[in-house]
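First comes the structure, then the notes that go with it.
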Amino acid sequence: MTPFVTDSVAVEMLSLMLSDYTGTLLLSLLTSNRKRLFSVSASEDAKKLVDEERAHARAEIESARAAVQRVEEALQEQEQISRASGKQDLEELMKEVQEARRIKMLHQPSKVYLRSAEVDAEGILQVMDMEHELRALRIQLVEKSKHSLLLQKELARSKRMEKTISHIYELDGAETLGSYLRIKPCSDIAPELSECSIQWYRISSETSKKELISGASKSVYAPEPFDVGRILQVEIIYDGQLIVLTTAGAIDPAAAGLGNYVEALVRKHDVEFNVVVSQMNGADHQSESLHVLHVGKMRMKLCKGKTTIVKEYYSSSMQLCGVRGGGNAAAQALFWQAKKGFSVVLAFESQRERNAAIMLARRFAFDCNIMLAGPDGGSSIGTK
């Protein structure tokens, strides 16, 4: 009996243990299912919650954007209003300032007295500055007046001196080709002409163009064919003072017949003129023997008897003009530079012969495309 009982007890115990295990397993399964169901439910709730939060966040963002836009619009409107109001305020302020200035000017007294209770410090300083400026201006005005008086006196003195000086010389001589002009003192206070600087000019009567006559730097000048139809002017400088003398009109041509005489000579191949050599290469020529000047269509030649002193074709180095000086004999003399290094001053028998020789030589040279004129520089020629 005992073994059987023992086995039954064991079986019951095993059955109970199995039941307990089964219950425990079922409970574990139930708990696991519950947890799984709760997890699923929690996941769905979480998703719903996330979706709700997202929707809420989107709504908040849209609301914030709308609020920002409203704020920006309000700010822009406020800025426009502020600008208009500021401009209006500025205009009103300017009007008030102008009105205050006007009232101040109306109530400005003619004399300023220091009243500590009525005049403020800034106004006093401004008035004092104005008084100092007025005082300085008065001083400057006095100095300028003194300087102006001195200048007026100097100008009057200069005009008197100029008027006096301009009448201490005059041009003497016929204003015609074949004559000569001379600077003549007409006052006891006239300086010596040898102490003055002299220069002659020819001026076109049409264009008023002034042309320097090279070498014409003496008190005597004999017009030459280039001067016909032009006004002659001489400038005299002494001790810084300039004196200008001018011919009354243009230089007249020579006596009737000179033009026809030259036209008759042009038909000849070679024209001879009797001359005397008064200077050679700038030095006085002692011999007064007669020479012959040949003016040809291609060349010029100076001979003494059968001896040829110089013979040259027309060229750019040749120069020919009236003597620039020489006293009374200037109207009958010419300067001829045959070539570089050789020049002579020739005295003719008459003014007509001298002017005819100049005109004829220039005519023949021009046919050879050569322009005969005086020296380019300002050297004095034929002045002794």
Side-chain angles (χ1 to χ4, degrees), residues 171-183 198-205 209-235 245-263 265-266 271 273 275-279 293 295 300 314 318-338 343-366 370-384:
L171 284 179
D172 183 34
E175 299 175 359
T176 181
L177 184 64
S179 181
Y180 67 92
L181 296 172
R182 180 172 62 92
I183 302 173
I198 300 173
Q199 180 59 57
W200 291 80
Y201 299 87
R202 59 173 65 102
I203 302 174
S204 173
S205 57
K209 182 179 179 182
K210 186 168 69 172
E211 175 187 348
L212 183 143
I213 304 175
S214 60
S217 57
K218 295 299 178 180
S219 60
V220 174
Y221 177 73
E224 62 162 80
F226 269 161
D227 300 321
V228 174
R230 300 184 183 183
I231 297 172
L232 293 182
Q233 176 179 294
V234 60
E235 294 183 356
L245 302 177
T246 307
T247 57
I251 299 300
D252 293 329
L258 178 61
N260 295 332
Y261 177 57
V262 173
E263 289 298 325
L265 296 178
V266 168
V271 181
F273 296 94
V275 296
V276 173
V277 178
S278 59
Q279 288 186 28
L293 176 67
V295 179
M300 291 179 65
Y314 298 114
M318 183 179 292
Q319 296 175 358
L320 184 73
C321 64
V323 167
R324 313 290 168 80
N328 300 347
Q332 295 180 221
L334 64 77
F335 168 81
W336 178 38
Q337 177 180 290
S343 62
V344 290
V345 173
L346 305 176
F348 288 73
E349 294 178 341
S350 66
Q351 296 92 342
R352 182 182 185 222
E353 295 291 317
R354 173 255 204 178
N355 293 323
I358 294 175
M359 295 173 66
L360 190 64
R362 287 175 176 170
R363 175 78 171 269
F364 289 153
F366 183 78
I370 301 296
M371 179 64 71
L372 285 184
D376 296 330
S379 59
S380 179
I381 54 177
T383 58
K384 295 184 179 181

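When side chains are defined from C-beta on, Asp227 counts as touching Tyr221, because their heavy atoms get closer than 4.5 Å. In this structure, Val344 and Val275 have side chains that are not in contact, with every pair of non-hydrogen atoms separated by 4.5 Å or more. Under the 4.5 Å side-chain criterion, counting only non-hydrogen atoms from C-beta, Pro225 is in contact with Leu177. Under the 4.5 Å side-chain criterion, counting only non-hydrogen atoms from C-beta, Val276 is not in contact with Leu346. Between Arg230 and Lys209 there is no side-chain heavy-atom pair separated by less than 4.5 Å. Counting only heavy atoms from C-beta outward, the side chains of Leu181 and Val234 never approach each other to under 4.5 Å. Here the side chains of Met318 and Ile370 are not in contact, with every heavy-atom distance at 4.5 Å or above. Considering only heavy atoms from C-beta on, Leu258 comes within 4.5 Å of Met359 through its side chain.
Taking OG from Ser219 and CG from Leu171, the interatomic distance works out to 11.0 Å, rounded to the nearest 0.5 Å. We find the CG-CG distance between Leu245 and Asp172 to be 11.5 Å, quoted to the nearest 0.5 Å. Put simply, CD on Glu353 and CD1 on Ile358 are 12.0 Å apart, with the number rounded to the nearest 0.5 Å. In this structure, Ser217 OG and Trp200 CH2 are separated by 11.5 Å, a value rounded to the nearest 0.5 Å. Between the OG1 atom in Thr246 and the CD atom in Glu175 there is a gap of 10.0 Å [rounded to 0.5 Å]. The CG atom of Leu334 sits 7.0 Å away from atom CG of Leu293, with the distance rounded to the nearest 0.5 Å.
Considering every non-hydrogen atom in both Tyr314 and Ala365, the closest pair reads CD2-CB, 3.8 Å. The shortest non-hydrogen separation linking Ala331 to Gly178 is CB-O, 3.7 Å. The minimum heavy-atom distance linking Ala373 with Cys321 is given by the pair C-CB, 4.4 Å. Residues Gln233 and Lys210 share a closest heavy-atom pair of NE2-CD, 3.7 Å. The two atoms that bring Tyr180 and Pro223 nearest to each other are CA-CD, 4.0 Å, heavy atoms only. Considering all non-hydrogen atoms of both residues, Leu265 and Phe364 come closest at O-CZ, 4.4 Å.
Side chain of Thr247 to main chain of Leu232: a donor-acceptor pair is present (N/O by atom type, distance under 3.5 Å, no hydrogens or angles). No donor-acceptor pair under 3.5 Å is formed between the side chain of Gln351 and the backbone N or O of Ala330. Between the Arg182 side chain and the Val220 main chain, no donor and acceptor come within less than 3.5 Å of each other.
Taking the ring axis of Tyr261 as reference, the NZ or CZ atom of Arg352 stays within 45° of it and closer than 6.0 Å to the ring centre.
Residues meeting the side-chain hydrogen bond (donor to acceptor under 3.5 Å, both in side chains) test with Glu224, sequence neighbours left out: Arg324, Arg362.
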